[in-house]
2 protein chains.
Amino acid sequence: MPTVLCNCLALRQAARRVTQHYDHVLAPSGLKTTQFSVLAMLRRYQPISLGALAEHLVMDRATLGHNLRPLQKAGWVSLGAGADRRQRVLTLTDAGAALLTDTAHLWRAAQDGFEAWFGAADAAALRTDLAVIAHMKPSEGFISMPALE
Amino acid sequence: MPTVLCNCLALRQAARRVTQHYDHVLAPSGLKTTQFSVLAMLRRYQPISLGALAEHLVMDRATLGHNLRPLQKAGWVSLGAGADRRQRVLTLTDAGAALLTDTAHLWRAAQDGFEAWFGAADAAALRTDLAVIAHMKPSEGFISMPALE
DNA sequence: GTGGTTTACGGGCATATGCCCATAATAGTC
DNA sequence: GACTATTATGGGCATATGCCCGTAAACCAC
């Protein structure tokens, strides 16, 4: 088993492999894993601003903005105006909600397939570790810009 | 601590966050984390074909082909012809090797910064898990295309 | 209420990721 | 040796990722 020393490379490699698996299983729905994640998170928190949803997704605001483009074009997501006229409030359209419901069993299959191989308990423990990493803050000691400049 | 149920989303979120950290620290070198990984892996295995290097990186061949473009343009990587005229044999140029040497301390700083926060032993254990995931094969029971089609 | 600061987005740029298909070369078969 | 199958790569397409900068709105003094 080849292991790499770099924590970042190890994470990216694993993410690539697992994304391939989920993408394959989700393919019949026409959704990619990232898109499914956006829609699922949106369903949970709608109505919500672009920035707030990006935080939930641990994603750059601009990235989410770009990723929403195909979802709007497909008619799954609606961008309305919020009370604050700077904000754009996101909601799931009926078509988006229906698609999410229809795709749930595919996600379940991908999730079950992975956990059957890796172990459900191991997967849960791993997710906990990953959540800690995903939500770390520089103020907690994680140094993004060390004394190198 | 918000945790997500989806293993894939958890992995991608953590990968995004950690990539940001490494990218920030590597920024003075002009290299992104992915580019550093490609150059480092190439140094270790050169001379090597595109396909073989892609396997080491757990990356799609076409993706590596695209990622090599800016590295060639910058003069860090050289593509020569191999014994098999289908193959393109990759080697690190002198400039590429020098850049890698000069950037090593930045990668070390990023690595140390992460491990100081997450714990070196925990990070090593996590990398082991991630390596298992990155190198899983469908034949080992990981079902990429389940009985859904 | 004017002016400076912060916040929220969008556009542009570059890279990252991976699929599909086409092309070219090798290998295998008879 | 010709035909087929496999392998290695490149080009095109679409999405993913995140930076920077500009614009507009809200907030915050005073």
Side-chain angles (χ1 to χ4, degrees), chain A residues 8-9 11-24 26-27 30-39 48-55 57-74 76 79-90 134 144-145, chain B residues 8-9 11-24 26-27 30-39 48-55 57-74 76 79-90 134 144-145:
Chain A
C8 187
L9 178 57
L11 261 170
R12 291 178 69 89
Q13 289 180 342
R16 281 196 287 260
R17 188 72 103 183
V18 173
T19 299
Q20 274 184 1
H21 166 63
Y22 279 73
D23 275 350
H24 279 156
L26 288 180
L31 286 176
K32 298 197 147 207
T33 300
T34 303
Q35 300 175 324
F36 182 83
S37 300
V38 170
L39 295 179
I48 187 173
S49 72
L50 195 155
L53 183 59
E55 270 188 33
L57 288 165
V58 188
M59 183 184 288
D60 185 86
R61 294 171 183 214
T63 301
L64 177 58
H66 298 156
N67 294 357
L68 283 174
R69 217 54 66 86
L71 302 181
Q72 291 177 73
K73 203 168 58 179
W76 298 325
L79 275 87
D84 186 330
R85 256 184 302 176
R86 289 170 301 185
Q87 289 185 2
R88 306 273 281 159
V89 175
L90 299 166
S144 286
M145 300 296 273
Chain B
C8 187
L9 178 57
L11 261 171
R12 291 178 69 89
Q13 289 180 342
R16 281 196 286 260
R17 188 72 103 181
V18 173
T19 299
Q20 274 183 2
H21 166 64
Y22 279 73
D23 275 349
H24 279 156
L26 288 180
L31 285 176
K32 298 197 148 210
T33 300
T34 302
Q35 300 175 325
F36 182 84
S37 300
V38 171
L39 294 179
I48 188 174
S49 72
L50 196 155
L53 183 59
E55 270 189 34
L57 288 165
V58 188
M59 184 183 288
D60 185 86
R61 294 170 183 217
T63 301
L64 178 57
H66 298 156
N67 294 357
L68 284 173
R69 217 54 66 86
L71 301 181
Q72 291 176 73
K73 204 168 58 178
W76 298 324
L79 274 86
D84 187 328
R85 256 184 301 176
R86 287 171 302 184
Q87 290 185 3
R88 306 273 281 159
V89 175
L90 299 166
S144 286
M145 300 294 272

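Residue numbers begin at 1 in each chain, while the letters A, B, ... track the order of the sequences. Every heavy atom of this structure was used, including side-chain atoms; hydrogens, water molecules and symmetry mates were not.
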**Asked** Does A:R88 have a side-chain nitrogen or oxygen under 4.0 Å from the phosphate oxygens OP1 or OP2 of C:dC9?
**Response** no
**Asked** With sugar-phosphate meaning primed atoms plus P, OP1 and OP2, does B:S49 contact a base, only sugar-phosphate, or nothing at under 4.0 Å between heavy atoms?
**Response** sugar-phosphate
**Prompt:** Of B:V58 and A:R69, whose closest DNA chain C nucleotide lies nearer the 5' terminus?
**Reply:** A:R69
**Item:** Nearest-angstrom distance from the residue atom CG of A:D60 to P of C:dA16
**Value:** 16 Å
**Asked** Taking OP1 and OP2 of C:dA16, is either one under 4.0 Å from a side-chain nitrogen or oxygen of B:N67?
**Response** yes
**Asked** Could you give the CG-to-C1' distance, from B:L64 to C:dC19, as a whole number of Å?
**Response** 16 Å
**Fill in**
In whole angstroms, the gap separating P of C:dC19 from NZ of A:K32 amounts to 8 Å
**Request:** Take atom CG of B:L68 and atom C1' of C:dA16, then tell me their distance rounded to the nearest Å.
**Result:** 12 Å
**Asked** Within this structure, what is the CD-to-P distance between A:Q20 and C:dC20, rounded to whole angstrom?
**Response** 11 Å
**Message:** Looking at A:S37 and A:T33, would you say the former's side chain and the latter's main chain have a donor-acceptor pair under 3.5 Å?
**Reply:** yes
**Message:** With a 4.0 Å limit, can you tell me whether B:R16 has a side-chain N or O closer than that to the phosphate oxygens OP1/OP2 of C:dT17?
**Reply:** no
**Message:** A side-chain contact here means heavy atoms from C-beta on lying under 4.5 Å apart; do B:L64 and B:D60 qualify?
**Reply:** no
**Asked** So do B:L26 and B:K32 actually touch side chain to side chain, heavy atoms under 4.5 Å?
**Response** no
**Request:** Report the nucleotide, chosen from D:dG11, D:dT9, C:dG11, that has the shortest atom-to-atom distance to any side-chain atom of A:A62.
**Result:** C:dG11
**Message:** Donor-acceptor pair, distance only, cut-off 3.5 Å: does the side chain of B:R16 make one with the backbone of A:L57?
**Reply:** yes
**Message:** Taking the side chain as everything from C-beta on, heavy atoms only, tell me whether B:P70 gets closer than 4.5 Å to B:Q35.
**Reply:** yes
**Item:** Presence of A:T63 side-chain N/O under 4.0 Å of D:dG18 phosphate oxygens OP1/OP2
**Value:** yes
**Item:** Nearest-Å distance for atom pair CG/P, residues B:L79 and D:dA8
**Value:** 16 Å
**Request:** Return no unless some side-chain N or O of A:H24 is found under 4.0 Å from OP1 or OP2 of C:dG18.
**Result:** no
**Prompt:** Phosphate oxygens OP1/OP2 of C:dT17: is one of them under 4.0 Å from a side-chain N or O of A:R12?
**Reply:** yes
**Request:** Kindly indicate whether the side chain of A:V89, heavy atoms from C-beta on, has any atom under 4.5 Å from the side chain of A:I48.
**Result:** no
**Message:** Would you say A:Q87 places a side-chain N or O within less than 4.0 Å of OP1 or OP2 belonging to D:dA25?
**Reply:** no
**Asked** Are OP1 or OP2 of C:dT15 and a side-chain N or O of B:Q35 less than 4.0 angstrom apart?
**Response** no
**Request:** Give one of base, sugar-phosphate or nothing for A:G51, where a contact means two heavy atoms less than 4.0 Å apart.
**Result:** sugar-phosphate
**Asked** Of B:A52 and A:T34, whose nearest nucleotide on DNA chain D comes first from the 5' end?
**Response** B:A52
**Request:** Check the distance between C:dC9's P and A:Q72's CD and give it to me in whole angstrom.
**Result:** 13 Å
**Fill in**
Whichever of A:D23 and A:H66 has the more 5' nearest nucleotide on DNA chain C, that residue is A:H66
**Prompt:** OP1 or OP2 of C:dG10 sitting under 4.0 Å from any side-chain N/O of A:R61?
**Reply:** no
**Message:** Can you measure A:L53 atom CG to C:dA8 atom C1' for me and round it to whole angstrom units?
**Reply:** 14 Å
